[in-house]
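Residue numbers begin at 1 in each chain, while the letters A, B, ... track the order of the sequences.
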2 protein chains.
Amino acid sequence: MKTPVINPTRIALMDAAERLFATRGFKSTSLRAVTALAGANLGAVNYHFSSKDSLVIAVLGRRLKPLNERGTALLDQFEKGRGGKPVKLEKILEAMFRPALELIAKPSQGGRNFLRLMAFTLAEPGKFLKPLLEEQFNEKNRRFHRALMLALPGLTESETYWKMHFSYGVFVHTISHPHILEISSHSLCKLADTERTLERIVAFCAAGFRNPTHPLKKQE
Amino acid sequence: MKTPVINPTRIALMDAAERLFATRGFKSTSLRAVTALAGANLGAVNYHFSSKDSLVIAVLGRRLKPLNERGTALLDQFEKGRGGKPVKLEKILEAMFRPALELIAKPSQGGRNFLRLMAFTLAEPGKFLKPLLEEQFNEKNRRFHRALMLALPGLTESETYWKMHFSYGVFVHTISHPHILEISSHSLCKLADTERTLERIVAFCAAGFRNPTHPLKKQE
DNA sequence: GTCTATATGGGGATAGAC
DNA sequence: GTCTATCCCCATATAGAC
């Protein structure tokens with residue numbers, strides 16, 4: 001891995017890009033806008049990153065790796081001191097989502113931008129970025145899948161994957177479209193309290209994990 | 001509402017746009033690509049829709065209205081013949097998701113494209129499209145929220161909104177990123193069987209609805 | 001109603017001065 | 001390392017011929 005050069009302009013460019021990509025999308029954000037917001041000149045991006053595409057990859061990579069690492073570290077920590085007994089389902093889910101949720105809590109606002117960008121990037125179809133992301137997540141996925149299988153010995157491998165996928169859906173949708181929740185609930189619900197949001201998500205998903213899937217029956 | 005003119009070119013343009021927007025995204029799709037795929041000429045879009053923006057709105061509106069109407073119709077049907085007794089939670093969730101899921105099942109492929117486009121549009125930030133969508137969904141939302149409150153009298157209004165939001169998350173993520181599920185599960189899980197997928201989603205969300213949210217406790 | 005040609009603007013990337 | 005000027009391509013939208 002290349003050692004990232006610590007350069008104020010470089011950082012400013014990434015911050016600006018993170019914010020603009022997150023609010024306007026990748027294609028709709030011009031390098032002119034990025035450099036202007038960063039207080040740099042037009043050529044700066046191409047000098048520091050050599051292309052617009054590489055800039056996004058850099059922006060994503062900067063946060064993604066530490067984020068996933070913190071998740072697995074948290075899981076490790078929960079596993080330690082249990083003497084081989086499986087970690088409780090709720091704790092596993094907490095380890096899955098807490099790091100990303102805490103990014104939102106920080107007022108630094110950079111994390112919020114990043115998570116929006118992540119959601120957007122996931123949705124953006126056919127992009128060269130997807131392989132990168134999947135690669136980034138595959139290890140974490142396997143790790144958590146194993147923990148979940150241990151915690152819920154009744155589930156098959158495939159059922160566990162399905163429910164992991166559902167849980168990611170709950171999480172991604174919640175953090176990337178908070179405004180939808182706010183509007184549809186007529187401002188009754190807000191993400192303000194991170195800890196409470198995490199509890200809600202964890203409780204919802206945990207129940208889903210424990211409940212076996214039955215064929216849809218007729219009423220009564 | 002303007003009566004939509006039935007014109008083969010117009011239809012072909014919408015189909016082409018639906019497919020291309022869904023696979024490449026809105027901004028990355030040029031009118032050149034759309035008209036080429038539709039077998040029309042470059043000017044056609046501006047003649048029939050007057051702008052690229054209006055084209056997307058037309059493409060979304062074409063499917064969104066009937067889709068939501070079918071959902072509420074299904075709920076109506078479930079409510080009928082229950083003599084005032086609340087509809088069972090599972091049936092409500094089924095009514096919420098079945099219409100969209102059935103779009104995928106059809107081999108006509110247009111529905112799949114549309115759903116991808118929907119997810120993409122939801123993610124696309126700051127777009128003029130968002131108000132339109134929210135407006136489209138607000139009525140359906142209110143309708144289902146009422147049904148859910150009746151089915152689960154123990155929940156507060158706001159808890160019900162939260163869990164609806166989570167459920168949409170499960171659904172949207174599942175249908176818009178099937179490849180993520182496939183890859184992360186090493187091809188163990190596929191969306192092939194619509195009915196089974198619906199069952200899984202409904203079971204997962206129903207459990208989440210029934211489970212109360214508790215503060216995260218220490219292990220054991 | 002359909003097509004072609006074109007107007008007009010904006011984009012990413014580059015080369016070369018400082 | 002930073003900035004400016006510029007190249008060249010591609011986009012949307014329009015005007016006007018058929």
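Counting heavy atoms from C-beta outward, A/L93 and A/F209 have side chains that approach closer than 4.5 Å. Residues B/S167 and A/F204 have side chains in contact (heavy-atom distance under 4.5 Å, counting atoms from C-beta outward).
Using cut-offs of 30° and 60° on the angle between ring planes, the pair B/H186 and A/Y161 is perpendicular.
For the pair A/D193 and A/R200, the salt-bridge criterion is not met [side-chain N within less than 4.0 Å of a carboxylate O]. A/K65 has a carboxylate O that lies under 4.0 Å from a charged side-chain N of A/E69, or vice versa, which qualifies the two as a salt bridge.
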Exercise for the section: Report the C-alpha separation of A/M96 and A/E94 in whole Å, then their side-chain angles, then the decisive distance to 0.1 Å, and conclude whether the side-chain contact (heavy atoms from CB on, under 4.5 Å) test is met. Expected result: CA-CA 5 Å; A/M96 244 171 132; A/E94 184 185 338; over 6 Å; no
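Remark: P of C/dT2 and CZ of B/F49 are 12 Å apart, rounded to the nearest angstrom. In this structure, the CG atom of A/N41 is 11 Å from the P atom of D/dA5, given to the nearest Å.
The side chain of B/H48 places no N or O atom within less than 4.0 Å of a non-bridging phosphate oxygen (OP1 or OP2) of C/dG1.
Annotation: B/E139, atom CD; neighbour count of heavy atoms from other residues, nucleotides and ligands within 6.0 Å does not exceed 12.
Between its opening and closing five pairs, the helix from C/dG1-D/dC18 to C/dC18-D/dG1 changes axis direction by 0°, a value rounded to 10 degrees.
Remark: B/R32 pairs with no residue by the salt bridge (Lys or Arg N to Asp or Glu O under 4.0 Å) rule, at least two apart or across chains.
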Fill in the blank from the handout: Each nucleotide of nucleotides 12-18 of chain D classed B (base within 4.0 Å of a protein heavy atom), S (only sugar-phosphate) or -, in 5' to 3' order, makes BBB----
